[in-house]
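Note sheet for the following structure.
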Amino acid sequence: MNRNRNLIIGGSLVVAIALLGVGQATLEGVALSQTVRAPIFEIDPFWPKPLPNGWVYGTVIGVTVDAQDHVYIVHRGVQGAEAGADQNPPLAECCSSAPPVLEFDADGNMVRAWGGPSETEEYVWPASNHGLGVDQMGNIWIGGNGGGDSHVLKFSQQGDYLGTYGEPRNAPNSSATNHFGRVADIEFDFAANESYFADGYANKRVAIVDIDSGEIKRTWGAYGNTPDDSYQYVGERRGGTGWSADDYEEQQFRTPVHCAEPSNDGLVYVCDRPNNRVQVFQADGTYVREAYYAPETLGDGAIWDIAFSPDPEQSFIYVADGKNARIRIIDRQSMEEVSTIGTGGRYAGMFQAVHSIDTDSQGNIYATETYEGRRLHKFIYQGIGDAARHQGATWPSRN
Amino acid sequence: MRLTVGRVAAALLVGLTAGCGGIEDGQVPTFEVDAFWPMPLDYPNILGPVSGLTVAPDGNVLIVTRQDGFSRANEVNVVTETGTCCSPTKAVVEYAPDGSLVREWGEPNQDYPWPNRPHAIAVDPDGNIWIGGGVATAGRGGRGGRGGRGGGAARPGPTVDSHILKFSREGQHLMTIGGVGETPSNQNANGFGGAAGFSFDAGANEVFVADGYANNRVAVLDMSTGELKRSWGAYGNAPDDADQEPYDAGAAPAQQFRTVTCAELSDDGLVYVCDRGNNRIQVFQTDGTFVSEAVLAPATLGSGSVGDIAFSPDRDQHFLYVADGMNERVAILVRSSLEFQTSFGVGGRYPGHFRQLGSVAVDADGNVYTAENGQGRRVQKFVNLGNGMITAEHQGALYPGDKR
């Protein structure tokens, strides 16, 4: 979504009522079977339309929506027998790896496909592409989390190369001012002409970049601390059961720093993925607050990506939790979890490793899966209503 | 693209043609995928690779799933105590026609020798369940993401499942047929080489076993005792254990089966054999006399184009459905001529798409069910909309009409 810093005071009656309901229903001890007031969604199993040319998706590790509600993804393609038609000789008529960047219109038609290494070595395509954002000019920014991915690429909507931010092929260094460390995601503060890099898979910082000059204007780590690559974490993550991230208040982000999302009201929400927490900052890096979700989650962690609801107040945060196979619906003011959507599985509205998330102007959610899920899902916004604490696969009623 | 044959008209047509034993020239069954079948399992349960599928006489749909394919790093997080989702179901899952879960059962470490890699499930005329096996490659498991490790722990024992299990409908173990841990051989009267499919001849009290992944024969057993009565190879030749050259579409037809993944008995007493790796169907009389063959997508390499077969439910079993896992589609053939008519499905992970399509089955209403092995991990339902004219050679994903 395009984001700006216009602070709009006041809220719609519907949202006000919803928040009252939320406050009641999220009190501890409320039975899970009880309903809550929350945004309600329904999966559209037939969106997007089937790809042309026998193309298939690989791990889908980035999604963004532009001002026209076009949806862009970046994925990593398929290899080997899954790309049977790409082999020499072909193994079968199925399948071919789709180009890395795909653009869909609101109806789910694929309208553009592009990306990949430069044939003229004009730019360095990421070793492992990861994350994308769309700026106010409609240009597409792409990060990477592979070895040597210390840069971000910018392309036009048509896929023409426009520029590189940061020098490629540098070793990670959270103090560097001329490159990044495997940028996981890119967002924008258009009013300030700034780009927010979740930096990243190797660095432990948020990096704010001037959109025009590419200069790194400021960076910060967890709690607003100076990023420190030598930090020794207090909590042992793989030492058995019972580990709970919120017992430790780790003073550095635990890589990957997986998102950094500016809100309308001048705050920045950071996905500290394996620390299972969202940290909130002012735009200058001043720490505001944090919230933990599923704090005992190990491995990949619980906080993979964030999107805001598109109402003026951005009342809700949607958190992609790939490890627990859910999208968490968070009340942005209280940071309390209101409801969840999704469940584990390979059918419509189910997830294997939900990874990236964004919303369009109508409030619909787009979510992608990495690993073996490999899809782009659309969840159609149904308004605020009585929802189950866990909405599950969000299938339509069969009546 | 589905041409304009309405549901009601089509249903009438099916009824009429079923009665008089013919289907109008050029017409084929038309379908659309039901994206909301079966119903979701309770969180956090998920299906593993679906390696067998059948429709019971009462219309319930049974699948057998593998439990060795999960990523421990990021999929079975309940098992690894790293997250709240997910956890594998038991191996056998039975759904009612409406897609609701009826029961689940079957797993390793019970009082029966669960296959390393269960494959194929079938219901015999007495209502009992038969389950075969496959070939497990040592150390292999599901791929994770970055740094993801394979699924189940390394298991000692054979890599080829040489036995067949028989259970009651509720999952009570009744019988083990064939020795456990036998070295696969087409000459072995007491063991199989990854039994990959079953069909039953109630009148003769016989079961036809697609044998299999490591052997290359059809094995016919006494249904009650499990005793091997006869077996045959391609063209009715005696099956042999000789090493085979890689498949070559330009070579003379192989005189042995390569991978036998189905042996389906038709109502008129013919046995349709999936010679998967040779991309062909061979048809036999029940005594093993060769009748005819057809090659499907002959350029297909890899694991081959003919993975499983099901018959349409009309009196003549007029159509044959073939699960083609390499090309990720279901081919529709006329059974009598073995002529290809059209296909549906395309590669991918959305409804009506396939990833490692392995099995196909049909219910009494003509609805088609498919199962995806490997990383597909679904059983999908395609609702029969009646017969119509289809011009597309390959129809692709059968989304509902207003979504195409």
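Reminder, nothing fancy here: chain letters follow the sequence lines and each chain counts from 1.
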For the residue pair [X] and [Y], establish whether any side-chain heavy-atom pair is separated by less than 4.5 Å.
{"X": "A:W47", "Y": "B:K403", "value": "no"}
{"X": "B:R355", "Y": "A:E82", "value": "yes"}
{"X": "B:P40", "Y": "A:M350", "value": "yes"}
{"X": "B:Y399", "Y": "A:P50", "value": "yes"}

Quiz item: What option among B:T84, B:L47, B:I46, B:V346 has the most heavy-atom pairs under 4.5 Å with chain A?
Solution: B:T84

Quiz prompt | Partner chain A: residue of B:R329, B:M326, B:E372, B:R378 with the largest heavy-atom pair count (under 4.5 Å) | solution = B:R378

Quiz item: Under the salt bridge (charged side-chain N to carboxylate O under 4.0 Å, His left out) test, which residues partner B:R258, sequence neighbours left out?
Solution: none

Practice problem: Give, for atom OG of A:S397 and atom CZ of B:F36, the distance between the pair rounded to the nearest 0.5 Å. | Solution: 10.5 Å

Exercise. Could you walk me through whether B:N77 and A:K323 pass the side-chain hydrogen bond (donor to acceptor under 3.5 Å, both in side chains) test, one step at a time?
Key: CA-CA 8 Å; B:N77 302 323; A:K323 187 78 177 182; 3.2 Å; yes

Quiz prompt | Whether B:N327 side chain and A:A92 backbone form a donor-acceptor pair below 3.5 Å | solution = no

Quiz item: With distance as the sole test, does A:N324 use its side chain to make a donor-acceptor pair with the main-chain N or O of B:G83 at under 3.5 Å?
Solution: no

Practice problem: Apply the test side-chain contact (heavy atoms from CB on, under 4.5 Å) to residues A:Q352 and B:R377: give CA-CA distance (whole Å), side-chain angles for both, the deciding distance (0.1 Å), then the verdict. | Solution: CA-CA 11 Å; A:Q352 207 283 304; B:R377 305 191 180 183; over 6 Å; no

Quiz item: Which pairs with one or both residues in residues 342-356 of chain A pass salt bridge (charged side-chain N to carboxylate O under 4.0 Å, His left out), sequence neighbours excluded?
Solution: A:R346-B:E75

Self-check item: CA sep, side-chain torsions, deciding dist, call: B:R349, A:E372, salt bridge (charged side-chain N to carboxylate O under 4.0 Å, His left out)
Solution: CA-CA 9 Å; B:R349 307 198 185 201; A:E372 291 293 347; 2.9 Å; yes

Quiz item: With a 4.5 angstrom heavy-atom cut-off, which part of B:D324 approaches chain A: side chain, backbone, both or neither?
Solution: neither

Quiz prompt | Closest-packed option against chain B by number of heavy-atom pairs under 4.5 Å, given A:G373, A:G349, A:S96 | solution = A:G373

Quiz item: Are A:Y347 and B:Y350 an aromatic pair by the rule of ring centers under 6.0 Å?
Solution: no

Practice problem: Grab the two heavy atoms, one from B:M39 and one from A:W395, that are nearest each other, plus how far apart they are. | Solution: CA-CZ3, 4.0 Å

